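Below you'll find the structure, written out as structure tokens, and then a few comments.
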Amino acid sequence: MPGQTGASGPQFDHGDTAVVAVEGEIDIATADDMRDRMLAAAGEPGIAVLIADLSGIDFFDASGVRALMGVRRRLDARGVRMVLGGPSAAVVRTLDVLGLVGSFAVLPSAELPFSARSAVRH
């Protein structure tokens, strides 16, 4: 369904790392929700790394890219590192079209914390 997102999906805390799993479609109607969840997770005390698990995204447009860039800019200012976890083909395709594939640190799906991978796959 257009505009539907799993941005309210699982969130995990692994010591100094927060993992936010995002699923579904990220577009103009859902990108701000994704951004807000990521910022909230990264704002928890002691968080040094935010992993945005994007492996469950089916559709991703420029609004999602704008949200990711906004999150990264705000986290950089706070000294928190943002990593894209296992970005789906939809995410990679959009980043590629916009010439931004190498602009984000990426963690392959196989290296995502187990609890995040198992929750996203249900």
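Source: prediction; values computed, not measured.
- A salt bridge does not link Arg66 with Asp61: none of the charged nitrogens is closer than 4.0 Å to a carboxylate oxygen.
- With sequence neighbours excluded, no residue forms a side chain to side chain donor-acceptor pair (under 3.5 Å) with Ser88.
- Here the shortest heavy-atom pairing between Ser63 and Ala31 reads O-CB, 3.4 Å.
- Expressed to the nearest 0.5 Å, how far CZ of Arg78 lies from CD1 of Ile47 amounts to 10.5 Å.
- Put simply, Val91 and Ile28 are part of two different groups of oily side chains (I, L, V, M, F, W, Y) that touch within less than 4.5 Å, one to the next.
- Distance CD/Glu23 to CG/Asp53: 8.0 Å, rounded to 0.5 Å.
- With hydrophobic clusters built from ILVMFWY side chains whose heavy atoms lie under 4.5 angstrom apart, Leu54 does not share a cluster with Phe59.
- A salt bridge does not link Arg93 with Asp96: every distance from a Lys NZ or Arg NE/NH1/NH2 to an Asp or Glu carboxylate oxygen is 4.0 Å or more.
- Taking each heavy atom of Leu50 and Ala42 in turn, the nearest pair found is CB-CB, 4.3 Å.
- Phe60 has its side chain out of reach of Val92: every pair of non-hydrogen atoms, C-beta onward, lies at least 4.5 Å apart.
- In this structure Phe104 satisfies the side chain to side chain contact (heavy atoms under 4.5 Å, CB included) test together with Leu68, Met69, Arg72, Met82, Leu84, Leu95, sequence neighbours excluded.
- Shown here for Ile51 and Leu107, the closest heavy-atom pair between the two residues is CD1-CD2, 3.8 Å.
- The shortest non-hydrogen separation linking Arg37 to Ala21 is NH1-O, 3.9 Å.
- Using a 4.5 Å heavy-atom cutoff, the side chains of Leu75 and Met38 are not in contact.
- Taken to the nearest 0.5 Å, the CG atom of Asp33 stands 7.5 Å off from the CD1 atom of Ile26.
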